[in-house]
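I have placed the structure first, in the form of structure tokens, so that the comments after it can refer back to it.
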Amino acid sequence: MAHHCTRISCLLLVIAAFAAEGHRAATAQTKPYAGTAIRFLAANHPWTEAIKPLLPEFEARTGIKIRLESYGEDQLTQKLTTEFTAGGSDIDAFMQRPLQEARQYVQNKWYTDLNPLVKDPARTPADWSFADFQAGAVGTEMVKGQLTGIPIVVEHEVLYYRKDLLQGAGLSVPKTLDELKAAGQKLSDKGKGKFGFVARGQRSPAVTQFSSFLYSFGGDWFNQETHKATLDTPEAMAAFKFYGAMLREYGPPGVLNMSWPQAVAVFAQGNAGLYTDADSLFPNMLDPGKSQVADKTGVAVFPAGPKGSVMYSVTSWGLAMPASTKKKDAAWEFIKWATSKETTTKTQSVGAVPGARGSVWDSAAGKAKFPADWVAAAQASAKGRSYDRPLVVQVGKARDIIGSVIIASIEGKDVESAAHQANKDFQALLDAEPK
Amino acid sequence: MRFEGFLDRHVRWVFPLPALVFVVVMMAFPIVYTVWNSLTGWSLSEGTPPDFVGLKNYVALIRDQRFLLAAARTFYFTVLAMAVEVVLGVAIALLLNRDFPGKRIVNSIMLLPMMATPVAIAMVWLFMYEPSAGVINHVLRVLGLPTPLWIAGADSVIPALALVDIWQWTPMIVLISLAGLAGLPADPYEAAEVDGATAWQTLWRVTIPMLMPTVTIAALLRLIDALKTFDIIYAMTGGGPGFSSETLNIYTYNQAFSYFSFGYASSALVVFFAIVLGVSLLVSVTRRTVEV
């Protein structure tokens, strides 16, 4: 009896195995990666919030399981760097800040170059359209000929202003930095806790938002051909002095500890008249749930300096694939889907995350979530510079060096000696970098 | 059978083995590895394997203005916080060292700051310190007093951070002092009373000298802890404004995890380790002399 039973169960098992095999063969054509799990490291960012609800649809269609982990942006960088250094990492895809990390990661050969994948018609159908991505956004992702990631979020520096306050003071929206200064002065009433101007004053975070001031004064971080630091040129010095004076004279006390969350808070509580920062932050100012001045806030192009209005226009976030992943095909499937026209349309139209696809910006759905003046400012800014910090491997250190001049300027200290010192330190950093 | 025999014969090695393994893996190895790293030029941004550079990192450290300032700042913060904590802690202990209704409740409340999570404390103080919207400056404004920049000012940031440390750790000095006071013998007090000493004289000539050994130990324990303070500083200022609150711990963290210069960061850590070790040795030496 016992023997008999075993024989029958054996038979059943074999039949079941055949059936399962047949099923697998059937799915292999439509779902070649069914059952694959992709470990995806993301940042705590509106894009991540927007993509999360879309994942089940991707998982159902492909059978790929996405294991999402999200971290604060600095924690993400640390997590990635330590995992890649330690080796044997099982990360398959990650969100990256190309300007912050890409040079270091290329140096360490931690990326899968996406160029061959994008160009291979067998893996990337033509209608996915790589050409649809804005050229500047792709430019940020290209490092030493490698395509380090696919752009998902683009940013430009813009001017947020209080319509009511400017009107009340009989001023028009500042179009030049001189007008910005005049308006900052006129809107300031420090005794009453009203500040004409606010922006980032914290050592490292301030550097990126200072960049448009630097460029518009005609300065730059360093000469990319000669690798000579240019932090103490007359143009750079003028920009440092201008930015510091604006915050010292018309900014809130405590600005030295302000990154964007603190600066946004001052503006959204109605205590500042003008604010320069990334356009992607706009929901904090324009969403009535987050801002007390939502209906009174306007967005304009970054004001022109002596050398015109030269703002940054960068890819702040992209999707990248580590060199170490063993699931390149499935990971590419995921990245391709997450950056496709359809997905971008959704993240942009539902989540209000500004993406990098031209065709989505041309569509009504792409613009729906954004105020008209914001769209106009963002589109006018697309021509800006494709970096908001120096393009070096040691970005963190470079930002600290530059930030110390900004701090000195806000504190009203000797900007010239601070800039000379920073230039010396920055030159030493450049000399130590691989060319 | 054979195995059991082996165990029996070497039982004096077998029992401490887990502890030994723990110490080697979790304490000895990291220290030795850090010292080794400090002799290399290991940097994650160069894409090359670590190379042996000898004492180069240490030479660079001595010349690094930022490191020297961070070291000075660490001592400034530590001494400031510890001095106030000791004086205030002993004073409160003397005040509480008598019977009054609700004494137990007061003692329990005293414990609360020590039990709170440092980062949560940091967040609360961060809001309270906010120069324009924070509650502290609001109160000062109402009272017509000047409103400092607190952690947003280069000169006020270290005292402001020390104040948080004082708020959190004075209770520890209070508790240790209270325990010390409870253990004091009664005879000297009786003698003082017979000699007609005033309360003030009793305090300065009898209580304080007898309490001194306990206070010294409490102070040295605080000293070591304050030297190593990282959490509240990192959460509140990240070393800012500028580098005005960058202590040795924050400096090392920046070198390692922001600049990815692991070799250089290791050398700073070794120096820092030597400082803390020196102070710890001081503690044990003092403790011995006190006990003798």
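Every chain is numbered from 1, with letters handed out A, B, ... down the list of sequences. Just so it is clear, the structure is predicted and the values come from calculations on it, not from any experiment.
Nearest heavy-atom pair, A/Arg203 versus B/Gly238, reported as atom, atom and distance to 0.1 Å: NH2-O, 4.1 Å. Here the shortest heavy-atom pairing between B/Ala152 and A/Gly254 reads CB-CA, 3.1 Å.
Proximity to chain A is absent for every atom of B/Leu126, based on heavy atoms less than 4.5 angstrom apart. The parts of A/Asp400 that come within reach of chain B are both its backbone and its side chain, each placing non-hydrogen atoms under 4.5 angstrom from that chain.
Atom-to-atom distance recorded for A/Gln104:CD and B/Ser43:OG is 7.5 Å, nearest 0.5 angstrom.
Surrounding CZ of B/Phe230 are more than 12 heavy atoms belonging to other residues, nucleotides or ligands, all under 6.0 Å away. Within a 6.0 Å sphere centred on NZ of A/Lys241, other residues, nucleotides and ligands contribute more than 12 heavy atoms. More than 12 non-hydrogen atoms from other residues, nucleotides or ligands lie less than 6.0 angstrom from NZ of A/Lys190.
Contact of the A/Ile407 side chain with the B/Phe243 side chain is not registered, since no non-hydrogen atoms from C-beta on lie closer than 4.5 Å.
Scanning residues 256-263 of chain A against chain B with a 4.5 Å heavy-atom cutoff picks out A/Leu256, A/Asn257, A/Met258, ordered by number. Listed by sequence position, B/Tyr253, B/Asn254, B/Phe257, B/Ser258, B/Tyr259, B/Phe260, B/Ser261 are the residues of residues 248-271 of chain B in contact with chain A, using a 4.5 angstrom heavy-atom cutoff.
Under the rule for a side-chain contact (heavy atoms from CB on, under 4.5 Å), the partners of B/Thr78 that lie at least two apart in sequence or sit in another chain are B/Thr74, B/Leu223, B/Ala226, B/Leu227.
For residues 124-142 of chain B, the pairs satisfying side chain to side chain donor-acceptor pair (under 3.5 Å) are B/Glu130-B/Ser132, B/Asn137-B/Trp150, with sequence neighbours left out.
Counting heavy-atom pairs under 4.5 Å between each of A/Val266, A/Thr85, A/Val106 and chain B puts A/Thr85 at the top. With chain A as partner, the option from B/Ile151, B/Thr147, B/Leu149 having the largest number of non-hydrogen pairs under 4.5 angstrom is B/Ile151.
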